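Note sheet for the following structure.
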Amino acid sequence: MMNRTAFIKFRGTNSFLLHSLSSFQFSTHKASLHSNVSSLIHKITNLNDAMKLFDEMSHRQPLPSVVKFNQLLTAVTKIKHFSSSLDLFKQMCAIGVPVDKYSMSIAIKCCCQLYRTKDGFAVLGCCFRRSIAPDEFIYSALLDGLVLEDKILEAEMLFKKLVKQKLCEPNVVMYNTMIKGLCKFGNNVIAVALLRLMEQKNCQPSIVTYSTIIDSLCKDKLIDDAFKLFKEMLFEKRILPDVITYTSLIRGLCKFGRWDEASKMLKEMEDENISPNVKTFTALVDAFCKEGKIEEAEAVINIMIERGEAPDIVTYNSLIDGYCLRGEMIKAREIFDSMTLRGLVPNVVTYSSLLNGYCKNRNIEEAMQMIRQMTGQGLKPNVVTYNTMLQGLFQVGRCVAARRLFNEMHAQGRIPDRCTYRILLEGLCKNRQVEEALSLFHLVGDSKLNSDIVVYNILINGAGKYGKVDIAKNLFHDLIDKGLQPDVHTYTVMISGFCREGLLAEARSSFLKMEESGCPPNNVTYSVFLQGCLKNKHYDDVEMLLQEMDHRGYSLDATTLSLFIDHIATGLLDRSMLELLGKLVPKELLNDPSLCDWE
DNA sequence: CTAGGGTTAG
């Protein structure tokens, strides 16, 4: 190894000497760095090293070949520093490196990954001007960019144009990108059709093709279809699944509570010598947390640590969210702190979960403190964060503060989404400002926001609660006119509104309409209707309703049960009803002492 | 020296 002085002497040129002296970390490490640029590029793991190397390269006389620069850009792109990579590309142009097709394709890819596909097309224009013929890599990057920006129609147009004008024959990667786009919008059927088309065109689908569609099917709860495709891939195409394919299937199974099958899959993958990785474990952690099974989630984390897989930010976020959902904020904070100690930096998702937890616990002060902490760390609240906070403020009745926050959200350039809108409407209704909610609704008018059954459910519920049954009825007709499909909630809030006004006949006819419309009542509907019957001393249907509930395997909630008990205690209902009621007591209430003194 | 698939929050 050369020492520092020897190296400087060896290099000789002034500019390099000055540069080296100004660089604090100069050492033998850099000497070897010079001797073989390629091997150094290979070892690039952080942006800083890459930038230094670029600087060093650009000061050389003569300049290293464009290939070396491309290699460096590739490395920077691989660590996802797209905008730095673009900067370097511009510098290459500026210092006169003769950029080629590779450089161009990297630049285009970076634009696209930065959600600047438009700029990507501008660079494509440069290609034409410099008579660099774009290849499948370049078109593929552009397609991916369009899909990334949800411009699926434009992607489709580009794809078709490539075929029609014979600009390039779509290959498996391009098909996969198109399939990803279709899946992103839930077009599973068309995605499969495209898979068939590529087979027809003799472009063999790959494991990526199958995994993309399998994942999408799992997300849409079509697990059995996913397995059909999985078997096709395995037995007809003889393509072996990998950890990604397994993880998608396992996530799908867990998410829908099919734990036994999930553990069978886990075993199967281990038998195939495919080890679960962080994402596989995190899928398990997340599903357990969402079901409130935090102990199991913690156990998974312990297993993964034992097996040498470090939980990452997503793993911890799932766990934190699990504790927040259970309202165990002290535990959530503990995980948050331990995560920070492990050097993991909390992100917007972490904070949003905590915020949600505090809001649900009606601890607005802590939530506000959390927002301050997150902005203090340079994180900008996003729509989800604002929505969470808005909901929290409305929940504790702080409508003015909510409005102020809504204005701030606007000022910060965050565009309210359909959830924001629902939260505003619900918040206003819950705080006795139904008129305000309705005028907001009318202000929004015929926009897509109002073609939402949930919006109608909120307003009908709001109107019904404040004795405006006529408005509720109008809203119901309005939604039918729009071609929207009423759901269980819609009928239930209508029934609730009718009952509140003592309009039992109308409640009854809505209830009966549910079954006809293929939207059978659930246990909430039964409870609401039964409470309405009892409160209005309208006992004709009660026994029949209870029997139906029993047949459907539903149970009564605590409120409805205690109302029944009151009615029996005061002699309004006959004690013979007790036997039937006993069958409808939910298991978790059986040990409740308050319900022991029935007899 | 380039390309495509799986994770978290309202």
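On a predicted model such as this, the values are computed, not experimentally measured, just so you know. All values below were derived from every heavy atom in this structure, side-chain atoms included, with hydrogens, water molecules and symmetry-related copies excluded. Chain identifiers are assigned alphabetically (A, B, ...) following the order of the sequence lines, protein sequences preceding nucleic acid strands; residue numbering begins at 1 within each chain.
Remark: aromatic rings of A:Phe406 and A:Tyr386 are distant, center separation not under 6.0 Å. Between A:Phe336 and A:Tyr316, a ring centre-to-centre spacing not shorter than 6.0 Å is recorded.
Here A:Lys279 does not reach the OP1 or OP2 of B:dG5: none of its side-chain N or O atoms lies under 4.0 Å away.
A:Glu295 has a carboxylate O that lies under 4.0 Å from a charged side-chain N of A:Arg326, or vice versa, which qualifies the two as a salt bridge.
When distances run from any side-chain atom of A:Tyr102 to the nucleotides B:dT7, B:dT2, B:dA3, the shortest one goes to B:dT2. Proximity note for A:Asp321 (side chain, C-beta onward) versus B:dA9, B:dA3, B:dT7: the nearest is B:dA9. Closest to the side chain of A:Ser248, out of B:dT8, B:dG6, B:dC1, is B:dG6. Counting only heavy atoms from C-beta on, A:Lys290 has its side chain closest to B:dA9 among B:dG4, B:dG6, B:dA9. The side chain of A:Arg251 approaches B:dT7 more closely than any other nucleotide in the set B:dG5, B:dT7, B:dT8. If you check B:dG6, B:dA9, B:dC1 against the side chain of A:Gln71, the one that comes closest is B:dC1. Minimum atom distance to the side chain of A:Val208 is reached by B:dG4, of the listed B:dA3, B:dG6, B:dG4. Considering only the side chain of A:Val384, B:dA9 comes nearest among B:dC1, B:dG6, B:dA9. With B:dA9, B:dG4, B:dT7 as the choices, the nucleotide that has an atom nearest any side-chain atom of A:Asn176 turns out to be B:dG4. With B:dT7, B:dG4, B:dG6 as the candidates, the nucleotide lying closest to the side chain of A:Thr280 is B:dG6.
Atom pair A:Asp220:CG and B:dG6:P shows a separation of 14 Å (rounding to whole Å applied). If you measure from atom CG of A:Leu86 to atom C1' of B:dT2, you get 15 Å, rounded to the nearest angstrom. Distance, A:Asp144 CG to B:dT2 C1': 13 Å, rounded to whole Å. Rounded to an integer number of Å, the gap from CD1 of A:Ile138 to C1' of B:dG4 is 17 Å. In this structure, A:Asp312 atom CG and B:dT7 atom P are separated by 13 Å, rounded to whole Å. For A:Leu217 and B:dG5, the CG to C1' distance is 13 Å, given to the nearest whole Å. Computed from coordinates, the A:Phe336 CZ to B:dT8 P distance equals 20 Å when rounded to whole Å. Between A:Tyr351 atom OH and B:dT8 atom P there is a gap of 21 Å when expressed in whole angstrom units.
At the heavy-atom level, A:Val383 lies under 4.0 Å from base atoms of the strands shown. When heavy atoms are screened at a 4.0 angstrom cut-off, A:Ser140 is found touching base atoms of the nucleic acid. A:Lys184 comes within contact range of no nucleotide atom at all, as no heavy-atom separation falls under 4.0 Å. Backbone-only contact: A:Lys180 has heavy atoms under 4.0 Å from sugar-phosphate atoms and none from a base. Heavy atoms of A:Lys101 sit nowhere under 4.0 angstrom from any nucleic acid atom. Base contact: A:Thr245 has a heavy atom under 4.0 Å from a base atom. Heavy atoms of A:Ile320 sit nowhere under 4.0 angstrom from any nucleic acid atom. Nucleic acid contact for A:Thr212: sugar-phosphate only, since backbone atoms but no base atoms lie under 4.0 Å from a heavy atom of the residue. Residue-level contact check: A:Lys255 touches neither bases nor backbone, having no heavy atom under 4.0 Å from any strand. Counting non-hydrogen atoms under 4.0 angstrom, A:Val66 reaches nothing in the nucleic acid. Residue contacts shown for A:Ser206 include a base, since a base heavy atom lies under 4.0 Å away. Contact annotation for A:Ser353: backbone-only contact, meaning every heavy-atom pair under 4.0 Å involves sugar-phosphate atoms and none involves a base. Residue A:Val285 is classed as having no contact, given no heavy-atom separation below 4.0 Å to the nucleic acid.
Judged by distance alone, the side chain of A:Asp242 and the main-chain N or O of A:Thr245 form a donor-acceptor pair under 3.5 Å.
A donor-acceptor contact closer than 3.5 angstrom is absent between the side chains of A:Lys201 and A:Tyr175. At a cut-off of 3.5 Å, with distance as the only test, no side-chain donor of A:Thr177 or A:Asp144 sits close to an acceptor on the other residue.
Between the side chain of A:Ser105 and the base of B:dT2, at least one donor-acceptor pair of N or O atoms lies under 3.5 Å. Interface remark: the A:Asn171 side chain does form a donor-acceptor pair with the B:dA3 base, using a distance-only criterion of under 3.5 Å.
Note: A:Trp259 and A:Phe288 have parallel aromatic rings, judged against thresholds of 30 and 60 degrees for the angle between ring planes.
The nearest pair of heavy atoms linking A:Ser84 to A:Met51 is CB-CE, 4.3 Å.
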